[in-house]
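What follows is one structure encoded as structure tokens, with my remarks underneath.
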Amino acid sequence: MVKTIFIGDVQAGKYDGQEVELMGWVKRSRGSNKIRFVVLRDSTGVIQCVVKKDAIGDESFEQVKGALIESSIKITGMINADERADGGHEMVATSIVIVGSVNPEHPFPITESAMKAADGGETEFLLDNRHLYLRTSRMTAMLQMRSTVFGAIHNYFRDLDFTEYQAPNFVAGAVEGGSTLFEVPYFGKKVYLTQSWQLYAEAAMPALERLYTIAPSFRAEKSRTRRHLTEFWHAEMEVAWATNDEIMSHGEGVVRKIAGDLLENRSTELESIGRDLELVARYADSPYPRMRYDEAIETLQGMGVDVEWGQDLDYSKEKVLTQDFDVPHFLTHYPKIAKPFYHRVDPDEDKYVLCHDLLAPEGYGEIIGGGERTWSEAELLARLDEEGTDKAAYQFYIDTRSYGGVPHGGFGLGVDRVCSWLTGADHIREVIPFPRDSRRVSP
RNA sequence: GCCGAUUUAGCUUAGCUGGUGGAGCGUGGGACUGUUAAUCCCAAGGUCGAGGGUUCGAACCCCUCAAUCGGCGCCA
């Protein structure tokens, strides 16, 4: 039972005048006791199938009447262009087989009212029924666009001869300074779920020179915002011999490629969820300006925001700063005191580090964080001491500097955040099939 | 960790100053040969989140708890 005919191709006119068999799910069914209109959906679209009692017989007609929403069926018939049908084509059925029926005592729970209430967002009910919500047109479009985003990232790096490289998800220590690690029992010991691929990537940097990954990262932050997940997909890269500017160019390059690929391959899906294509086109075509931290602070102070030099910029300040941006902006050269030890101190002015954040417009916040790494052994040891960090936990990391350290750097990109921003989603949960946050781990 | 809000049928909701809970969708039955979220008629479906209190009487007022949602901090 290999399916070869898809509704999208039927609606494109590839099968006009031919008798074909379609396989799919009932999206809606209406009609009288002599004629029924079954709207069939598959992964590529929907088509109206006209089922006449005269043509298929009493028994089959009764079966069709009983095929509730989301019943799976195989339906055979003639394909015609017809103005009366949504999409411009319809099937006039000659036979129908119910493959998987739906029990009327437990009808498909995702109703029009449930969708309408969510209004593109999500309700508790839809989150509880996520496994069924996935098959709605909105979630289908989101998942298809998500796939395009992942593909764009792979293609960007592979086209530049980066090597895809995997790090362990069980780790012994933290990457970030914070205490946002998930603890996992491990044969009588405690280990943690990784927050980042970075430290292990730096270990492989002298071997591979240009490397990247797309992998889940885990953060035990009790954040309740539309930008946070506890399990998120992290696209990270590391490059030997690279400067902060070069790394930023890759960040800009990959994000613009993602926007471009979405525009090229998923414009139908973007429009179906109400996204303005001109915005996405601007993100694909425009250069992303670079602004130093000091300039951002001055700008904010000029706007009357209460902020002092040396503070990291939290979301409330990012939001004020980015509200007038029409494309993503890089923020560079943060104060050393605001960033962890692995950021390289600016040799020209040692109160800064050579790092960058990429801030998305429209209130979506930080989508990339990266920069040059502290690469000389002496500097790394000094920075760890300054922070009072226990060096024992980072011995393998220090070792990578002890044998031919070189300047290098990289960044981490929040893939779900990028999906959320580029699709214009109301919440990051909308772009991942089974979102995990501090309150929800099921379904 | 902090702040705010919500909880009534499978779903979405109305419910006034406390006086025996209404509707739409969905489901079941009926009518209808071109419907577009089809339409029309009928029916079933509710210990009003849980527990306690006030009261002659509580979905409504008070207390405790729970679940969920939104926001902040932190970050991608």
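One interatomic measurement links the two molecules: CG of D357(A) to C1' of rC74(B), which rounds to 13 Å at whole-angstrom precision. One can place CG of L359(A) at 12 Å from C1' of rA76(B), the figure rounded to the nearest angstrom. Residue F411(A) contributes atom CZ, which lies 13 Å from atom P of rA76(B) at whole-angstrom precision. Between the CD1 atom of I214(A) and the C1' atom of rA76(B) there is a distance of 14 Å, given to the nearest Å. Straight-line distance from the CZ atom of R30(A) to the C1' atom of rA31(B): 19 Å, rounded to whole Å. Rounded to whole Å, the distance from CD on Q311(A) to C1' on rC75(B) is 16 Å. The NE2 atom of H356(A) sits 12 Å away from the C1' atom of rA76(B) (whole-angstrom rounding). The CG-P distance, from N103(A) to rG26(B), rounds to 18 Å in whole Å.
Ion pairing between a basic and an acidic side chain is recognised when a charged N comes within 4.0 Å of a carboxylate O; D82(A) and R84(A) show such pairing.
Looking at every heavy atom in both residues, S217(A) comes nearest to H234(A) through OG-ND1, 2.8 Å.
Taking atom P on both rC63(B) and rU6(B), the two are 14 Å apart, rounded to the nearest angstrom. rA14(B) and rG24(B) have their P atoms separated by 16 Å, given to the nearest Å. rC32(B) sits 44 Å from rU68(B) when the C1' atoms are compared, rounded to a whole Å. Taking atom P on both nucleotides, rU12(B) is separated from rA59(B) by 22 Å, rounded to a whole Å. Atom name P, nucleotides rU39(B) and rU35(B): the rounded distance is 12 Å, in whole Å. Rounded to whole Å, the separation between the C1' atoms of rG34(B) and rG70(B) comes to 46 Å. Separating the C1' atom of rG19(B) from that of rA58(B) is a span of 10 Å, rounded to the nearest Å. Atom C1' of rC48(B) sits at a distance of 11 Å from the matching atom of rG15(B), rounded to the whole Å.
Ring pair H131(A)/Y133(A): centre-to-centre distance not below 6.0 Å. Between H333(A) and Y293(A), the ring centre distance reaches or exceeds 6.0 Å. Ring centroid separation for the pair H343(A) and Y334(A) does not come in under the 6.0 Å cut-off. For an aromatic pair to be called close, the ring centres must be under 6.0 Å apart, and Y394(A) with F341(A) satisfies this.
Listed nucleotides rA76(B), rC32(B), rC75(B) differ in distance to H234(A); the shortest reach to its side chain belongs to rA76(B). Which of rA76(B), rG28(B), rU35(B) sits closest to the side chain of P104(A) comes down to rG28(B).
Remark: of the listed residues Y397(A), Y165(A), F396(A), F396(A) is the sole one forming a ring-ring contact (aromatic ring centres under 6.0 Å, His included) with Y200(A).
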Cut-off 3.5 Å, no hydrogens considered: what does the side-chain donor-acceptor table look like for residues 321-329 of chain A, sequence neighbours left out?
{"from": "T322(A)", "atom 1": "OG1", "to": "E318(A)", "atom 2": "O", "distance (Å)": "2.9"}
{"from": "T322(A)", "atom 1": "OG1", "to": "K319(A)", "atom 2": "O", "distance (Å)": "3.4"}
{"from": "H329(A)", "atom 1": "ND1", "to": "V327(A)", "atom 2": "O", "distance (Å)": "2.9"}

Distance-only check: which donor-acceptor pairs under 3.5 Å involve side-chain atoms of residues 247-255 of chain A, not counting sequence neighbours?
{"from": "S249(A)", "atom 1": "OG", "to": "D245(A)", "atom 2": "O", "distance (Å)": "3.1"}
{"from": "S249(A)", "atom 1": "OG", "to": "R290(A)", "atom 2": "NH2", "distance (Å)": "3.2"}
{"from": "H250(A)", "atom 1": "ND1", "to": "Y156(A)", "atom 2": "OH", "distance (Å)": "2.9"}
{"from": "E252(A)", "atom 1": "OE2", "to": "R256(A)", "atom 2": "NH1", "distance (Å)": "2.9"}
{"from": "E252(A)", "atom 1": "OE2", "to": "Y288(A)", "atom 2": "N", "distance (Å)": "3.2"}

Show me the donor-acceptor pairs, under 3.5 Å and distance only, between side chains in residues 91-110 of chain A and residues at least two apart or in other chains.
{"from": "T94(A)", "atom 1": "OG1", "to": "E19(A)", "atom 2": "OE2", "distance (Å)": "3.4"}
{"from": "T94(A)", "atom 1": "OG1", "to": "T76(A)", "atom 2": "O", "distance (Å)": "3.2"}
{"from": "N103(A)", "atom 1": "OD1", "to": "E105(A)", "atom 2": "N", "distance (Å)": "2.8"}

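Pairing of rA23(B), defined by two Watson-Crick or G-U wobble distances under 3.5 Å, is identified with rU12(B). Figure legend. rU17(B) is base-paired to no nucleotide; pairs are counted as Watson-Crick or G-U wobble with both atom distances under 3.5 Å. Base pairing annotation: rC2(B) forms a Watson-Crick or G-U wobble pair with rG71(B), both donor-acceptor distances under 3.5 Å. In this structure rA37(B) sits in no base pair that meets the Watson-Crick or G-U test at under 3.5 Å. If you check rC65(B) for Watson-Crick or wobble pairing at under 3.5 angstrom, you find it paired to rG49(B). The partner of rU55(B) cannot be assigned: no Watson-Crick or G-U wobble pair with both contacts below 3.5 Å exists in any strand.
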field: Working for salt bridge (Lys or Arg N to Asp or Glu O under 4.0 Å), residues E362(A) and R275(A)
entry: CA-CA 13 Å; E362(A) 299 181 75; R275(A) 188 56 162 159; 2.7 Å; yes
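Using a 3.5 Å distance cut-off with no hydrogens or angles, the side chains of D437(A) and H228(A) do not pair a donor with an acceptor. Side-chain N/O atoms of E59(A) and Q63(A) include no donor and acceptor closer than 3.5 Å. Side-chain contact of R30(A) with Q48(A): a donor-acceptor pair under 3.5 Å is present, judged by distance alone. When only modelled atom types and interatomic distance are considered, E221(A) and S438(A) share no side-chain donor-acceptor pair under 3.5 Å.
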- request: Assign a letter to each nucleotide of nucleotides 65-72 of chain B from its 5' end: B, base within under 4.0 Å of a protein heavy atom; S, sugar-phosphate only; -, no contact.
  value: ---BBBBB
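Taking a 4.0 Å limit (strictly below) on heavy-atom distances, residues 287-298 of chain A does not reach RNA chain B anywhere. In the region residues 42-58 of chain A, proximity to RNA chain B at under 4.0 angstrom, judged on heavy atoms, holds for Q48(A), V50(A), K52(A), D54(A).
Within the 4.0 angstrom heavy-atom criterion, no nucleotide atom of any strand lies near E83(A). H228(A) comes within 4.0 angstrom of a base, heavy atoms only. Among the heavy atoms of the strands lying under 4.0 Å from E366(A) are primed sugar atoms or P, OP1, OP2 only; no base atom is included. Here G412(A) lies in heavy-atom contact (under 4.0 Å) with sugar-phosphate atoms only.
For rG28(B), the base has no donor-acceptor partner in the side chain of E105(A) [N/O atoms by modelled type, under 3.5 angstrom].
For L68(A) and F125(A), each mapped to the nucleotide of RNA chain B holding its nearest heavy atom, the one lying further toward the 5' end belongs to F125(A). Annotation: of the two residues near RNA chain B, F37(A) and K317(A), the 5′-most nearest-nucleotide partner is F37(A).
Regarding contacts with the backbone of rU33(B), a side-chain N or O of N33(A) is found under 4.0 angstrom from either OP1 or OP2.
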